[in-house]
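Okay, structure first, notes after.
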Amino acid sequence: MADEWQEAYEFAVEVARKAGMVIKQEIDKEMKVLTKSSTVDLVTKTDERVEKIIIGSLKTKFGEKAHKFIGEESTEKGCELTDAPTWIIDPVDGTTNFVHGFPFVAVSIAFAVKKELEFGVVYSCLEDKMYRARNGKGAFCNDEPISVSDVKDITKSIIISEHGTDRTPAKVEKIFSTMQKILCIPVHGLRGSGTAATNMCLVATGAVEAFFEIGIHCWDVAAGAVIVREAGGIVLDVSGGPFDLMSRRMLSANHEDIAKRIIKEIEVFEVPRDDGVKHLQQPSSF
Ligand SMILES: O=P([O-])([O-])O[C@@H]1[C@H](O)[C@H](O)[C@@H](O)[C@H](O)[C@H]1O
Ligand SMILES: [Mg+2]
């Protein structure tokens, strides 16, 4: 069937909008903040509630058993990506922003079939920007086509990276050393919105040339990966090898020239994979 997943794609947009409305209603209320992997890895009742709303809506629409789900707040024993149609969900990407009222928070919903990403939806709900893309069908923001920047000269670029939620001094040192080297290439600027999904959409719209991070999770970047590719960009491992959704390493860029130059400066550090697989050989570089 040529267009087997179109209905699911359209429904994902609807569900992302519904989820974003809940986030908008909750952001100004007093909230109880809990922590997860570290004291700066925050979670709220809204994260859990929104994930339940999204997965509940998808199950009602497509049946309890037809699809599998990987959700930030409900995947406790590692993520297993099989050949089955699988939804990959971050209900509130940018939870720290949400807690502080910093105005970038996104709902990220991706769909993979046979381990290949089929479509992605990122709703930057406080800005009311609905980003979406489906394989081979282009990328859009609020129904307008989007495309990456045509800047190939790194000295004319803006690059995004984030600090993540691991404050191990040796890792933080590598993150800042990488940022310092990139800043001093020099580039026009370094930025970070506090949501990986939104960062990838900023690459897709051409507002920045690249975004990279080590330590993100599959639900942070799955939807954004489709959006960047469909906007004409590339998504790679931070070594320049192929992007591996479970590796927790990702570089997205408008062009190979920008990606290659950034890769020269990235100080890579080890993070456990999302699927728990150990000793996987890292992909080779360019
Ligand atoms: O926890 P969360 O807010 O959904 O997701 C986080 C955001 O995407 C942040 O930008 C990135 O730096 C972290 O690595 C992610 O964990
Ligand atoms: Mg996230």
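In this text, all values refer to a predicted model and were calculated from it rather than measured experimentally. Below, each value reflects all heavy atoms present in this structure, side chains not excepted, and no hydrogens, waters or symmetry copies. Just follow the structure's listing: the first ligand is 1, and inside any ligand the first atom is 1.
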Exercise for the section: Specify whether F104 and F102 have parallel, tilted or perpendicular ring planes, treating 30° as the upper limit for parallel and 60° as the lower limit for perpendicular. Expected result: tilted

Fill in the blank from the handout: For T195, the ligand 1 atoms with a heavy-atom partner under 4.0 Å come out as 8 (O), 10 (O)

Handout entry: Side-chain touch I234/V228, heavy atoms, less than 4.5 angstrom
Key = no

Exercise for the section: Kindly check if the number of other-residue, nucleotide or ligand heavy atoms within 6.0 Å of CD (Q6) is above 12? Expected result: yes

Exercise for the section: For A196, counting its heavy atoms only, list the atoms of ligand 1 lying under 4.0 Å from any of them. Expected result: 7 (C), 8 (O), 10 (O)

Problem - Contact check: V92 vs ligand 1, nitrogen or oxygen atoms, below 3.5 angstrom - result: yes

Exercise for the section: Check whether any N or O atom of E213, backbone or side chain, sits under 3.5 Å from an N or O atom of ligand 1, and answer yes or no. Expected result: yes

Problem - Between Q180 and S177, a side-chain donor and acceptor under 3.5 Å - result: no

Practice task
Determine whether more than 12 heavy atoms belonging to other residues, nucleotides or ligands lie under 6.0 Å from atom NZ of K171.
Solution key: yes

Problem - Polar proximity ligand 1 side, D93 side, N/O cut 3.5 Å exclusive - result: yes

Practice task
Check the side chains of D47 and T44 for a donor-acceptor pair under 3.5 angstrom, ignoring hydrogens and angles.
Solution key: yes

Completion exercise
Protein-derived N, O or S atoms lying less than 2.8 Å from the Mg ion (ligand 2), waters not counted, sum to 3

Problem - Side-chain (E51) to main-chain (E72) donor-acceptor, under 3.5 angstrom - result: yes

Problem - Within 6.0 angstrom of K181 NZ, more than 12 heavy atoms from elsewhere - result: yes

Sequence neighbours excluded and cut-off under 3.5 Å, please list the side-chain donor-acceptor pairs for residues 184-197, or say none.
| residue | atom | partner | partner atom | Å |
| --- | --- | --- | --- | --- |
| H188 | NE2 | T155 | O | 3.4 |
| S193 | OG | T195 | N | 3.2 |
| S193 | OG | T195 | O | 3.2 |
| S193 | OG | N199 | OD1 | 2.7 |
| T195 | OG1 | D93 | OD2 | 3.1 |
| T195 | OG1 | T198 | N | 2.9 |
| T195 | OG1 | T198 | OG1 | 2.8 |

Problem - Close approach of D220 to ligand 1, heavy atoms, under 4.0 angstrom - result: yes

Practice task
Could you say whether the N/O atoms of E72 and ligand 1 ever approach to under 3.5 Å?
Solution key: yes

Problem - ligand 1 contact by D47, heavy-atom criterion under 4.0 angstrom - result: no

Problem - R17 to Y123 six-membered ring, cation-pi geometry met (6.0 Å, 45°) - result: yes

Exercise for the section: Report yes if some N/O of T95 lies less than 3.5 Å from some N/O of ligand 1; otherwise report no. Expected result: yes

Handout entry: Geometric N/O contact D90 with ligand 1, under 3.5 angstrom
Key = yes

Exercise for the section: Applying ring-ring contact (aromatic ring centres under 6.0 Å, His included), run through W5 and F119 and close with a yes or a no. Expected result: CA-CA 9 Å; W5 304 116; F119 59 75; 8.1 Å; no

Exercise for the section: Mark yes or no for whether E267, through its side chain, and I175, through its backbone, hold a donor-acceptor pair below 3.5 Å. Expected result: no

Exercise for the section: Report the member of S37, G215, G194, G224 with the shortest heavy-atom distance to atom 9 (C) of ligand 1. Expected result: G194

Exercise for the section: Run the numbers for me: atoms of ligand 1, each under 4.0 Å from some heavy atom of G164, listed by number. Expected result: 12 (O), 14 (O)

Problem - Atoms in ligand 1 flagged as close to G94, the criterion being non-hydrogen separation under 4.0 Å - result: 2 (P), 3 (O), 4 (O)

